[in-house]
Protein chains: 2
Amino acid sequence: MSETDGVWQHCTNSAIRRAARQLGQLYDDLVEPSGLKGTQFSLMSQIALAGKDGTPLKPLAEGLVMDLSALGHTLKPLTRDGLVELIPDARDGRVKRARLTPLGAQKQEEALALWHDAQGRFDAVFGAERSAEMRSLLGLISTPDFAKAFRAAKQKSDD
Amino acid sequence: MSETDGVWQHCTNSAIRRAARQLGQLYDDLVEPSGLKGTQFSLMSQIALAGKDGTPLKPLAEGLVMDLSALGHTLKPLTRDGLVELIPDARDGRVKRARLTPLGAQKQEEALALWHDAQGRFDAVFGAERSAEMRSLLGLISTPDFAKAFRAAKQKSDD
DNA sequence: CCGATATAGTGGCATATACCACTAAATTCA
DNA sequence: TGAATTTAGTGGTATATGCCACTATATCGG
């Protein structure tokens, strides 16, 4: 077996994690001057979409395909640094809404320019067409329907 | 903006992380009866490829596109549980070689059957063709050449 | 051979992310 | 209405993963 063989050639799960590490590295390096990690920038950008009313954590976590408690933990450094704030919901006492602080909004915009560079490079190297196709496929994998189908599936037994 | 909008539709980095979380969940659920996480199984499988001489950590980390220290940390629970052992290299006093213990090899084989189910389901739901294509693209993203090209690239400036 | 440099790993610290147990608040239903 | 159940978040613990500083060993230049 050649030195370049690896389990990632057969396992989609390890392949995707490996690529995520690489891409995380590449994006982080470019976004770093803003002081944000790529993950933090993504999270803040998603929160920014909710505007000044913010968004409850539960649907935010669902959209991100992330465990609710994991989201809570990830939010910690951001609230600590005053970039995100959690405000109580007026209707439902259980709910907290995440929104960017003015400082957070400013940071996010700053990082946005850096991110744009990264995404531009990715498209340039990978091909904008394939890039969009890739995101589409990754989006498909991330749907609840895909998870449902996966869990319901039986392994192939025909051959 | 619709509730289903997200940054992952525009950002390949967040899209890949999101999909990795989903897939990690799905694979983990199936591999869990072996007592291994998907990441641990992947790592052990890669180590298994090296046979009884084991493999030095540095090239292992490089193959996995992982930081050397991160690999060291990830190995901790596995060595603690007696699944992997680090043996000194005969030629180079700095080098340690990772290899599976007999127990580790047994666990890995046990998990292999479970993993096979998971991979089979993925192929069934996603399509074996697209699955292979996806792994190929993910593999491309994970190459040193891709990283080099990315870092060397300039953002598009045409518009 | 010796000192300068490069290489492999380790350990500390920080973030990312999951599971579980627990609290509080809302909803259901008898 | 009041008890049972469901739902949203929190905090603890564990693994995953990166950066930095440090140690030990190897290699290189003179």
Side-chain angles (χ1 to χ4, degrees), chain A residues 13-14 16-29 31-32 35-44 54-62 64-81 83-84 86-98, chain B residues 13-14 16-29 31-32 35-44 54-62 64-81 83-84 86-98:
Chain A
N13 188 38
S14 51
I16 205 170
R17 293 190 81 94
R18 187 162 165 265
R21 284 191 292 269
Q22 172 96 288
L23 221 48
Q25 206 64 38
L26 263 18
Y27 275 66
D28 272 6
D29 286 351
V31 173
E32 186 261 341
L36 297 177
K37 307 293 202 69
T39 50
Q40 299 177 324
F41 166 69
S42 294
L43 178 51
M44 288 175 65
T55 170
L57 300 188
K58 189 73 196 315
L60 180 58
E62 273 166 7
L64 291 164
V65 191
M66 182 180 296
D67 183 88
L68 176 60
S69 77
L71 173 61
H73 292 313
T74 304
L75 245 18
K76 276 288 175 58
L78 297 176
T79 55
R80 180 200 59 200
D81 296 344
L83 303 173
V84 173
L86 298 181
I87 55 184
D89 185 275
R91 323 288 187 106
D92 191 327
R94 295 168 298 182
V95 170
K96 293 189 187 170
R97 298 179 157 262
Chain B
N13 187 38
S14 50
I16 205 170
R17 291 190 83 92
R18 189 162 164 263
R21 284 191 292 267
Q22 172 97 286
L23 221 48
Q25 206 62 39
L26 263 18
Y27 275 65
D28 272 5
D29 285 351
V31 173
E32 185 260 342
L36 298 177
K37 306 293 202 68
T39 49
Q40 297 178 325
F41 166 69
S42 293
L43 178 51
M44 286 173 65
T55 169
L57 300 189
K58 188 74 195 311
L60 180 59
E62 273 166 6
L64 291 164
V65 190
M66 181 181 295
D67 183 88
L68 175 59
S69 77
L71 174 61
H73 293 313
T74 303
L75 245 18
K76 276 290 174 59
L78 297 175
T79 55
R80 179 200 59 201
D81 296 344
L83 303 173
V84 172
L86 298 182
I87 55 184
D89 186 275
R91 322 290 186 105
D92 191 328
R94 296 167 299 182
V95 169
K96 291 188 188 171
R97 297 179 158 262

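Reminder, nothing fancy here: chain letters follow the sequence lines and each chain counts from 1. Nothing here was measured: the structure is a model prediction, and the numbers come from that model.
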Query raised in the report: What nucleic acid atoms does B:Leu68 come within less than 4.0 Å of, heavy atoms only: base, sugar-phosphate, or nothing?
Result: base
Requested in this report: Could you tell me the separation between the CG atom of B:Leu64 and the P atom of D:dA16, rounded to a whole number of Å?
Outcome: 12 Å
Requested in this report: Report which part of the nucleic acid A:Gly72 touches: base, sugar-phosphate, or nothing (heavy-atom distance under 4.0 Å, all strands).
Outcome: nothing
**Report entry** Whole angstrom value for the distance that separates C1' of D:dT17 from CD of A:Gln22
**Finding:** 14 Å
Report task. Mind calculating the distance between NZ (A:Lys37) and P (D:dG18) to the nearest angstrom? Result -> 10 Å
Report summary line: A:Ala19 and B:Ile16 have their tightest heavy-atom pair at CB-CD1, 3.7 Å
Query raised in the report: What is the distance from atom CG of A:Leu60 to atom CG of A:Leu71, rounded to the nearest 0.5 Å?
Result: 5.0 Å
Query raised in the report: Under the 3.5 Å rule, do the base of D:dG9 and the side chain of A:His73 count as making a donor-acceptor pair?
Result: no
Query - 5′-ward residue of the pair B:Asp92/B:Asp67 relative to DNA chain D - result: B:Asp67
Query raised in the report: Which is true for B:Arg97 with a 4.0 Å heavy-atom rule: it touches a base, it touches only sugar-phosphate, or it touches nothing?
Result: nothing
Query raised in the report: Side chains of B:Met44 and B:Leu83: does their closest heavy-atom pair fall under 4.5 Å?
Result: yes
Query raised in the report: Is the closest side-chain heavy-atom distance between A:Leu43 and A:Leu75 below 4.5 Å?
Result: yes
Query raised in the report: Which two nucleotides bound the region of DNA chain C that has atoms under 4.0 Å from heavy atoms of chain A, read 5' to 3'?
Result: C:dT15 to C:dA26
Query raised in the report: What's the CG-P distance between A:Leu86 and D:dT10, to the nearest Å?
Result: 6 Å
Query raised in the report: Which residue, A:Val95 or A:Arg17, contacts DNA chain D at a nucleotide closer to its 5' end, judged by nearest heavy atom?
Result: A:Val95
Query raised in the report: Looking at A:Lys37 and A:Asp28, does any basic side-chain N land under 4.0 Å from a carboxylate oxygen?
Result: no
Query raised in the report: Hey, is A:Arg91 close enough to A:Asp89 for a salt bridge, meaning N to O under 4.0 Å?
Result: no
Query - Any A:Lys96 side-chain nitrogen or oxygen under 4.0 Å from OP1 or OP2 of D:dG9 - result: no
Query raised in the report: Taking the side chain as C-beta and beyond, is there a heavy-atom pair between A:Val31 and A:Gln40 under 4.5 Å?
Result: no
Query raised in the report: Within the pair A:Gln25 and D:dC19, is there a side-chain N or O less than 4.0 Å away from OP1 or OP2?
Result: yes
Query raised in the report: Nearest-Å distance, CD (B:Glu32) to C1' (D:dT15)?
Result: 14 Å
Query - Nucleotide D:dG18, atom P - distance to OH of A:Tyr27 in whole Å - result: 17 Å
Query - Whole-Å distance separating the CZ atom of B:Arg91 from the P atom of D:dA24 - result: 25 Å
Query raised in the report: Closest to the A:Arg94 side chain: D:dG9, D:dA8, D:dC19?
Result: D:dA8
Query raised in the report: Over how many whole Å does the gap from A:Arg18 atom CZ to D:dT17 atom P extend?
Result: 13 Å
